[in-house]
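Read the structure below first, then the notes.
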Number of protein chains: 2
Amino acid sequence: MSAKTKVTIHDIAEKLNITASTVSRALNDNPRISDATKKAVLKTAKQLNYQPNNIAAALRNGKSFIIGVIVPTADRYFFASVVRGIEEIANNLNYKVIICQSYDIYEKEVQTIEALLNARVDGIIASISKNTENFDHFKKVQSKGIPLVLFDRTTDELEVSQVMIDDYLGAYKSVEHLIQQGCKRIAHFTSTKKVSVFKERLRGYTDALRDYEIPFDEQLVVRSNLQLEDGRESMETLLKLKTMPDAVFSSSDYAAMGAMQVLKERNIRIPEQVALAGFSNEPFTSFTDPTLTTVDQRSIKMGNITAELFFEHFKSGDKAFVPQKTVLKPELIIRNSTLRKG
Amino acid sequence: MSAKTKVTIHDIAEKLNITASTVSRALNDNPRISDATKKAVLKTAKQLNYQPNNIAAALRNGKSFIIGVIVPTADRYFFASVVRGIEEIANNLNYKVIICQSYDIYEKEVQTIEALLNARVDGIIASISKNTENFDHFKKVQSKGIPLVLFDRTTDELEVSQVMIDDYLGAYKSVEHLIQQGCKRIAHFTSTKKVSVFKERLRGYTDALRDYEIPFDEQLVVRSNLQLEDGRESMETLLKLKTMPDAVFSSSDYAAMGAMQVLKERNIRIPEQVALAGFSNEPFTSFTDPTLTTVDQRSIKMGNITAELFFEHFKSGDKAFVPQKTVLKPELIIRNSTLRKG
DNA sequence: AAAGGTTGCGCAATCGTTTGCATTTTATAA
DNA sequence: TTATAAAATGCAAACGATTGCGCAACCTTT
């Protein structure tokens, strides 16, 4: 059809014997343009198969209507849901969201930030990579006056708005639940101390033990990267102890799953001999046998709130915006892996 | 620090008493610029905290170095992996990938295409939404001379390059395997006939039955949206038949999982009474009990190939590029849900 | 020493939209 | 009818980077 792939507002203007200014205003529904002209412009635009060029507009406006979202990985239910929650709000306000994955690699995170900056996104929402210990790239974003909001994986080294769940509470409730089920020797799978979510969950774990007067045993805290395989290894480690634990509270559903596999292979009954609780409420947790007790992180809600916070920040025009910290209450999902009947 | 958030090549030029042209060339490592000047420019750029503006460059070049990828949803392992495979290739060639989700909603898909077109992406890679029956928006992309490649969920209504797995073969092998395990009454969960992948899998199913001289029974083919809940309902439906099936080949792992739940609730033994096979090799399929036999779709590989095909298309400059169709061989992953011992 | 080649850089137009400030046209009031 | 306000549109300069062409200055060759 239209071989000429470059129809601009000038072409429309020419055809209508008006100027590009008028066409631009007409397309943007500017009140200063008569309805008749608007109609004509719209019609001609359609007819010429006109395609707006956001790049030109963005250049002129210094505004791209795009916000960049950086997540460690998009294939985890939690992150995917948060993104969905963000999109809901953003799309409503006519903003587009571009999703970027850091794959939990620090260098990639830095590169991604740089790319987003170059692309002149209007703002950035991110969940920090697990391996990030230097935050200069985020500081750079802020120093350029670009709105930045962090969610879930945040840090205190940045003066930035953040949204997270109360990991401490989620952990505390999990462990409390395990104790109420009669568990007395509760192990914990965790990861690096650098990431606050893991630190908080560990704190919830220890505090619950303390409150219920269960002695803390260093040996029962196993650190790893919390993937499935790590969970398997961690469980093996625990099983080698002189006294086996009677419960595991894992900071990750995947690691909990690994533990479940090992236990089943050894015919150790869940939850009778060892109760098992995870964290995140990944969809598969309701598919396992037994179904896995876990903590729901209110992901969609978190996305909504993050986006709302972002746009608040946005409107306040960067001037004197006080970073805000929102903490959501998690929900303990009790399933069969911890429910000792009778 | 730098309050002036708008450092351009002109600022660099001014400070160095040269012109913006030279700065531009220096930054792009143009051989016509002396090394001394390049060094100086780089240094000053760093010093002034210069941030390249891709928008301006894109406007001038008519090239954004961004390719849009549209997937139904990013939280499915298969799609996430394909995206990863695409990114691997694209990033290597200095292209950025922006991920968009259609959420399997036709209107959203159309909007997304429009947004990508407006954003002047250099090309689009997509997997069609389940509910799309009109392909005008894709035709529009092509008519504008923008490279388009489809993967997995494709259509014959478009003259376009596409990459998919041999769904027919995957289905055939699954059903053949079930037959070899002694199943004689094999049901099939499928979805709309509009989507070729489901059509092909259905064909593989019927052909395998035919080749092994097992009568085809219309009642055993259950259509749904293939989510978990759909799988449950479909299984319930099957159980109401006068003669129960002794196997189910599901076009989706989720639906297979739903069926598994129902069967377990009714204490029907898997695979002895009913064998179960899914499709896609979602990670959770190895977490279920019994583990679920399924078909791996070579997702990363598919992403790689899709991207390579895309860039071929790209280089050939749109002129006389013959759409290419690549079909990958799927791999049958045999697990316990179909393995009848002895 | 003159002709031709290199090297290094500047000029100015261009990409497509937007917008402040005219300017023209039309409607209203005196 | 004329001054005046209101309405509709035009002019031209941005936004920031790129690039074809041109022009010095310097080097080589015979």
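Each chain gets a letter, A, B and so on, in the order the sequences are listed, and its residues count up from 1.
- Contact annotation: A/T22 does not reach the phosphate of D/dT9 (side-chain N/O to OP1 or OP2, under 4.0 Å).
- Bending across the helix from C/dA1-D/dT30 to C/dA27-D/dT4, expressed as the angle between its end axes from five pairs apiece, amounts to 50° (10° rounding).
- For the side chain to side chain contact (heavy atoms under 4.5 Å, CB included) with B/K140, the lone residue among B/L148, B/L117, B/V110 that qualifies is B/L117.
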Expected rows: protein N/O vs nucleotides 15-17 of chain C N/O, under 3.5 Å:
unit_1, atom_1, unit_2, atom_2, d
C/dC15, O2, B/R60, N, 3.3
C/dG16, N2, A/A56, O, 3.3
C/dT17, OP1, A/Y50, OH, 2.5
C/dT17, OP2, A/I9, N, 2.9

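- Going from atom CG of A/L16 over to atom C1' of D/dT9 covers 13 Å, rounded to whole Å.
- The number of heavy-atom neighbours closer than 6.0 Å to CD of B/Q47, taken from other residues, nucleotides and ligands shown, is above 12.
- The closest side-chain heavy-atom distance from A/F151 to A/I305 is not below 4.5 Å.
- Legend: residues meeting ring-ring contact (aromatic ring centres under 6.0 Å, His included) with A/F78, ordered by chain and number and at least two apart, are absent.
- For B/Q142 (side chain) and B/E159 (main-chain N/O), a donor-acceptor pair under 3.5 Å exists by modelled atom type.
- Between the side chain of A/S21 and the base of D/dT9 there is no donor-acceptor pair of N/O atoms closer than 3.5 Å.
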Between the protein and nucleotides 26-28 of chain C, which nitrogen or oxygen pairs come in under 3.5 angstrom?
none

Restricting to nitrogen or oxygen on both sides, can you table the protein-nucleotides 5-8 of chain C pairs closer than 3.5 Å?
none

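- Residue-level contact check: A/N17 touches the backbone only, with heavy atoms under 4.0 Å from sugar-phosphate atoms and none from bases.
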Going by atom type alone, with no hydrogens or angles, which donor-acceptor pairs under 3.5 Å involve a side-chain atom of residues 62-70 of chain B and a protein atom two or more places apart or on another chain?
unit_1, atom_1, unit_2, atom_2, d
B/K63, NZ, B/Y95, OH, 2.4
B/S64, OG, B/I66, N, 3.4
B/S64, OG, B/R120, O, 2.8
B/S64, OG, B/D122, OD1, 3.4

